[in-house]
Amino acid sequence: MAKKNILLLAGDGIGPEIMAEAKKVIDWFNIHKKLDLEYSEELAGGASYDENETPLTDDVLYKAMDSDAVLLGAVGGPKWDNLEFSKKPERALLRLRKEMRLFANLRPAICFEELVSASTLKPEIIAGLDILIVRELTGGIYFGEPRGIEPIENGERKGINTHVYTSKEIRRVAKVAFDLALKRNKKVTSADKSNVMEAGLLWKEEVQALHDESSVYKNIQLSHMLADNCAMQLVRNPKQFDVIVTDNLFGDMLSDEAAMLTGSLGMLPSASLSEKDKNGRIRSMYEPCHGSAPDIAGKAMANPIAMILSFAMALKYSLNFDKESNMIESAIKSVLKDGLRTADIMESGKKKVTTSEMGDAIVAKLKK
Ligand code: NAD
């Protein structure tokens, strides 16, 4: 089996604490399943700024570009809040996404049966939820030109951002969504604002055209939904969805909304993927949806499950170890069934555990 290289960027706040638990899982697979996952660790975010006066050194960036997968904990914290924009910890993330050309952001929202009561929605609405949001990550209004704030007459100012997408940008992210839907329930909902935006109309037309042109994608049930309606439907009846594909702006909001359906930020992983290069290689970064949680850093309270599930996604989408990825999910379900909970998902009658106790319990459930 070829050796795989993983770069670990623990980052700031709870990042190093949850990464330590992901490392236990990686080590377990190396020892018991001989996966030959070689990992190295580097600084990113505030930790890198403190050492190198930059949130991400060029060396670390090149290492990330060369790795089979990057696992990132979280970056940021009050210590670095007053730095100028280019030095802020969050720039590390933006630079990695940009330079690695990570255009597709995958955010699953899965509601573990054992945690239905953590959601604000009724159990029957949320139990068994398993949806995947595919968000375009490198185009649209966050990057479009012109942009800026300009003075206008009467001492007023105007702010400008440009929402722009090309056919190619739309089709490559729609392709990711269709390919993932083929491995799931073969249903894609594309969310746009084609009723009021030309770029939204182009989005709808290109997604539909890609679907109709392909004999494989024709087997997928494709529907289009206005993004505002999609936001409502996610709360009304989220189980109607399988894969949702949408642009950068709407994806930002819809994926956060979907995330909170499940009740806890500490449970949610994410993946960001590039296109295949000429050698057929995809660059990728996996990270929890939550931030560096400075309020609980160093208190052994952080939930490591989102981090461990991010590694499970890396096994599935970058390293070709589907079976092993499923093993991690089963181990997590089993630990939750046993009643173990970190503080963020604690309920009465359950056993409260620390970050490392949760990691150890998950490792103990992995089957040799
Ligand atoms: P946050 O996600 O860090 O925390 C929000 C709340 O959720 C906090 O109460 C926190 O304690 C809790 N929480 C988050 N993850 C948890 C976990 N694994 N276990 C238990 N509880 C958890 O968001 P924030 O407070 O808005 O941001 C804190 C810092 O993180 C900021 O500097 C922000 O810029 C940064 N941030 C980084 C990323 C990233 O690295 N991808 C994402 C979002 C925010």
Side-chain angles (χ1 to χ4, degrees), residues 7-22 25 42-50 55-56 60 64 70-98 100 102 105-107 112 115 118 120 135 137 142 251-253 255-257 259-260 262-272 284-311 313 332 335-336 340-347 350 352-359 362:
L7 177 64
L8 307 185
L9 302 173
D12 310 316
I14 60 168
E17 299 168 49
I18 55 176
M19 189 63 85
E21 304 314 307
V25 178
E42 296 290 351
L43 298 175
S48 170
Y49 176 80
D50 288 348
L56 189 79
V60 175
V70 176
L71 273 192
L72 181 119
V75 294
K79 182 178 173 193
W80 304 283
D81 275 353
N82 296 324
L83 291 175
E84 63 164 278
F85 193 62
S86 68
K87 307 270 188 209
K88 279 190 187 291
E90 291 76 6
R91 292 302 298 173
L93 267 183
L94 297 178
R95 188 164 178 222
L96 283 163
R97 283 178 187 163
K98 182 163 177 261
M100 292 169 74
L102 305 176
N105 184 221
L106 279 47
R107 284 238 214 153
F112 288 95
L115 296 182
T120 49
R135 168 189 169 196
L137 203 57
Y142 293 168
D252 197 355
M253 292 167 202
S255 62
D256 268 12
E257 186 190 2
M260 281 322 292
T262 64
S264 173
L265 265 177
M267 300 292 300
L268 296 161
S270 78
S272 303
S284 57
M285 182 157 77
Y286 298 84
E287 55 184 312
C289 290
H290 59 72
S292 58
D295 53 334
I296 57 163
K299 296 184 181 163
M301 285 168 70
N303 185 346
I305 293 181
M307 186 77 250
I308 293 172
L309 283 172
S310 299
F311 170 59
M313 285 186 89
I332 291 170
V335 166
L336 294 174
L340 268 54
R341 302 282 188 274
T342 41
D344 57 313
I345 50 173
M346 185 59 192
E347 298 166 77
K350 306 295 180 196
K352 194 156 148 187
V353 293
T354 64
T355 308
S356 67
E357 284 168 343
M358 179 57 93
I362 292 167

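When a ligand or atom number is given, it counts from 1 through the structure's own listing order.
Counting protein heavy atoms only, atom 22 (C) of ligand 1 is closest to Ile296 CD1, 4.0 Å. Protein heavy atom closest to atom 15 (N) of ligand 1, with residue, atom name and distance, is His290 CG, 3.1 Å. From the protein, the heavy atom lying nearest to atom 28 (C) of ligand 1 is Pro294 CD, 3.5 Å. Of the protein's heavy atoms, Asp295 OD1, 2.8 Å lies nearest to atom 11 (O) of ligand 1. At the top of the distance list for atom 33 (C) of ligand 1, counting protein heavy atoms only, stands Glu90 OE2, 3.5 Å. Given atom 19 (N) of ligand 1, the protein heavy atom at minimum distance is Asn303 N, 2.9 Å.
Among the atoms of Ala293, some N or O lies under 3.5 angstrom from an N or O of ligand 1. Residue Asp81 has no nitrogen or oxygen atom sitting less than 3.5 Å from a nitrogen or oxygen atom of ligand 1, judged on distance alone. Here's the thing with Pro288: none of its N/O atoms is less than 3.5 angstrom from an N/O atom of ligand 1.
The closest side-chain heavy-atom distance from Val60 to Ser48 is not below 4.5 Å. The side-chain heavy atoms of Val335 and Val353, taken from C-beta on, include no pair separated by under 4.5 Å. In this structure the side chain of Thr342 reaches within 4.5 angstrom of the side chain of Pro304, judged on heavy atoms. Between Val70 and Glu287 there is no side-chain heavy-atom pair separated by less than 4.5 Å. For the pair Arg107 and Leu268, the minimum side-chain heavy-atom distance is 4.5 Å or more. Counting heavy atoms from C-beta on, the side chains of Leu115 and Leu336 come closer than 4.5 Å. Between Asp252 and Arg135, some side-chain heavy-atom pair lies under the 4.5 Å cut-off.
Close contacts between ligand 1 and Val75 involve ligand atoms 30 (O), 35 (C), 36 (N), 37 (C), 40 (O) [criterion: under 4.0 Å to a heavy atom]. Listed by number with element, the atoms of ligand 1 under 4.0 Å from a non-hydrogen atom of Glu287 are 41 (N). Counting atoms of ligand 1 from 1 in the listed order, those under 4.0 Å from a heavy atom of Gly266 are 17 (C), 18 (N). Contact atoms of ligand 1 toward Gly77: 32 (O) (distance under 4.0 Å to a heavy atom of the residue). Close contacts of ligand 1 with Leu93, meaning ligand atoms under 4.0 Å from a residue heavy atom, involve 39 (C), 40 (O), 41 (N). Distances below 4.0 Å separate heavy atoms of Ala74 from the following atoms of ligand 1: 40 (O).
For Lys98, the NZ atom sits in a loose shell: 12 or fewer heavy atoms of surrounding residues, nucleotides or ligands are nearer than 6.0 Å.
Looking at Gly291, Ala343, Gly73, it is Gly291 that brings a heavy atom closest to atom 44 (C) of ligand 1. Here the shortest heavy-atom distance to atom 30 (O) of ligand 1, taken over Gly76, Ser292, Gly46, Gly15, belongs to Ser292. The option from Asp344, Asp12, Leu265, Ile18 that lies nearest to atom 6 (C) of ligand 1, judged by heavy atoms, is Leu265.
Remark: Lys79 does not engage Asp12 in a salt bridge, criterion side-chain N to carboxylate O under 4.0 Å.
Between the CG atom in Leu265 and the CG atom in Asp256 there is a gap of 8.0 Å [rounded to 0.5 Å]. Between atom OG1 of residue Thr355 and atom CE of residue Met301 there is a gap of 8.5 Å, rounded to the nearest 0.5 Å. One distance of note links CE of Met19 with CG of Leu8; it measures 5.0 Å at 0.5 Å rounding. Summarising the geometry, atom CG belonging to Leu94 is positioned 11.5 Å from atom CG belonging to Leu102; distances are rounded to the nearest 0.5 Å.
Heavy atoms of Ala302 approach ligand 1 to within less than 4.0 angstrom.
At a distance under 4.0 Å, a protein heavy atom can be found next to atom 9 (O) of ligand 1. Note that atom 24 (P) of ligand 1 has no protein non-hydrogen atoms nearby, at separations under 4.0 angstrom.
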